[in-house]
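As structure tokens, the structure follows; a few thoughts come after it.
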Amino acid sequence: QKEVEQNSGPLSVPEGAIASLNCTYSDRVSQSFFWYRQYSGKSPELIMSIYSNGDKEDGRFTAQLNKASQYVSLLIRDSQPSDSATYLCAVNTLNTGGFKTIFGAGTRLFVKA
Amino acid sequence: DGGITQSPKYLFRKEGQNVTLSCEQNLNHDAMYWYRQDPGQGLRLIYYSQIVNDFQKGDIAEGYSVSREKKESFPLTVTSAQKNPTAFYLCASYDRPYGYTFGSGTRLTVV
């Protein structure tokens, strides 16, 4: 059973701090990794995608991938109350005829003003 | 603006009734997906289609049916065989390297 695990939280950080969200996955041949943000009652929206080991930065967001340790993380710098949401980790793995995406259950983040 | 349009936003189903959720896209993406989201759980794949007139079952296809007669449209029918249909349903298209683009979702409740 291929799995993606996230700490359900809630993770609470003060405004202006760095929020660190972690995700581990079980399938070693996973190829593509995504972070989605989902506000309460809304649909997920893509924040970051990462495909190779190392860091990828986009504004206040940094995705980190370590395939040897099978984890991917998302750092949010200068956290704002508007960052309060559930963050979903998604992993693409090889499957018959193509790929399959496995979503984690999400980590709830609260940024306190 | 390009995107995924789902309707209705809220839907109520009576026992024994079939209901259809609409999903339309203008992104010109070949691949479309239906996911189900329950509280505290990750998204689970119901059906997907990689090309017109072809679709594949996902992990939880029982009690659901789909069609893909046009590239733009991928409707999902929740049949009476689905015994626990109350959930948030998300339609999405996929385009590498951007990942999924999701519609705004349909919240289905059994009454």
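Here is how names work: the chains are called A, B, and so on, in the same order as the sequence lines, proteins then strands, and each is numbered from 1. Side chains are part of it too, since the values below use all heavy atoms of this structure and drop only hydrogens, waters and symmetry mates.
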Which bit of A:Phe33 is near chain B, if near means a heavy-atom gap under 4.5 Å: side chain, backbone, both or neither?
neither
Name the region of A:Glu5, side chain, backbone, both or neither, that has any atom closer than 4.5 Å to a heavy atom of chain B.
neither
I need the minimum non-hydrogen distance between A:Ala105 and B:Gly40, along with the two atoms involved.
CB-O, 3.6 Å
Please report the shortest heavy-atom distance between A:Lys42 and B:Phe88, naming the atom on each side.
O-CE2, 3.6 Å
Are [X] and [Y] in one and the same hydrophobic cluster, where Ile, Leu, Val, Met, Phe, Trp and Tyr link if side-chain heavy atoms are under 4.5 Å apart?
X: B:Trp34; Y: B:Leu11; result: yes
X: B:Ile4; Y: B:Tyr89; result: no
X: B:Val78; Y: B:Ile46; result: yes
X: A:Met48; Y: A:Val4; result: yes
X: B:Leu108; Y: B:Leu76; result: yes

Max heavy-atom pairs within cutoff under 4.5 Å with chain A, candidates B:Arg107, B:Gln37, B:Gln50, goes to B:Gln37
Proximal component of [X], with respect to chain A [non-hydrogen, under 4.5 Å]:
X: B:Gln6; result: neither
X: B:Asp38; result: neither
X: B:Arg44; result: neither
X: B:Leu43; result: both

Check whether more than 12 heavy atoms from other residues, nucleotides or ligands sit under 6.0 Å from atom CG of A:Leu94, and answer yes or no.
yes
Tell me if the CD atom of B:Glu62 is crowded by more than 12 foreign heavy atoms within 6.0 Å.
no
Where the side chain of A:Ser43 meets the backbone of B:Gly103, is there a donor-acceptor pair that is under 3.5 Å apart?
yes
Pair A:Tyr36 + B:Phe102: ring centers closer than 6.0 Å
yes
I need the residue from A:Ser49, A:Ser32, A:Gly106, A:Pro44 with the largest number of non-hydrogen atom pairs under 4.5 Å to chain B.
A:Pro44
Find out whether A:Lys100 and B:Leu45 are in side-chain contact, i.e. whether some heavy atom of one side chain is under 4.5 Å from a heavy atom of the other.
no
Are B:Tyr35 and A:Thr101 packed together at the side-chain level, in the sense that at least one heavy-atom pair is separated by less than 4.5 angstrom?
yes
Set out, in order, the CA-CA distance, both residues' side-chain angles and the distance that settles side chain to side chain contact (heavy atoms under 4.5 Å, CB included) for A:Glu45 and B:Thr101, then state yes or no.
CA-CA 7 Å; A:Glu45 53 182 334; B:Thr101 300; over 6 Å; no
Rounded to the nearest 0.5 Å, how far does OH of B:Tyr100 lie from CZ of A:Phe103?
5.5 Å
